[in-house]
K.L.:
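I am attaching a structure below and will ask some questions about it afterwards.
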Amino acid sequence: MQRNFAEIKTNCARFGRKAFGSASEMRVTQGKVLTVEVRTEGHPVHDIAYVTWMTEQWKKFFVSGFGVGTTVKCTTKLEAGDRQDGRPAEQLIILPPFAVKGEV
């Protein structure tokens, strides 16, 4: 059962505080589809293990935060950040989208 928009916004805010901390902003909008935009700083997005862990956390959150039976399509854009290997940062990295169909 899909949750109402107010509950989804509250769940997104709670998840955002836990996942990203205070150096972040999140905007949730409702149109034909729900859109969640997050801007955050200071995370090791160049670390494959971190990206994998964060992807799994989002997938779990989509089911519990949006409601069972909700289909979510996620597109991730990572802005410039320190690669920590001496090479210059890329300006924008767009990860392939993934879809999650919430199930029990």
K.L.:
Once you round to the nearest 0.5 Å, how far does CZ of R27 lie from SG of C12?
P.N.:
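Between atom CZ of R27 and atom SG of C12 there are 13.0 Å.
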
K.L.:
Does the side chain of T35 come within less than 4.5 Å of E37's, by heavy atoms?
P.N.:
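E37 vs T35: side chains touch.
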
K.L.:
Measuring from K9:NZ to M26:CE, what's the distance to the nearest 0.5 Å?
P.N.:
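Taking NZ in K9 and CE in M26, the distance rounds to 11.5 Å.
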
K.L.:
Specify the closest pair of heavy atoms between N11 and S64, including all atoms of both residues, with the distance to one decimal.
P.N.:
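For N11 versus S64, the nearest heavy atoms are ND2-O, 4.4 Å.
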
K.L.:
Mind checking what makes salt bridge (charged side-chain N to carboxylate O under 4.0 Å, His left out) contact with R14, not counting sequence neighbours?
P.N.:
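Checked R14 against salt bridge (charged side-chain N to carboxylate O under 4.0 Å, His left out); zero matches.
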
K.L.:
From F5 CZ over to T29 OG1, what is the distance, rounded to the nearest 0.5 angstrom?
P.N.:
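Those atoms lie 6.5 Å apart.
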
K.L.:
Hey, could you give me the NZ/OG1 distance between K60 and T55, rounded to the nearest 0.5 Å?
P.N.:
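OG1 of T55 is found 12.0 Å from NZ of K60.
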
K.L.:
On the 0 to 90° scale, with breaks at 30° and 60°, tag the F62-W58 ring pair as parallel, tilted or perpendicular.
P.N.:
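Tilted.
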
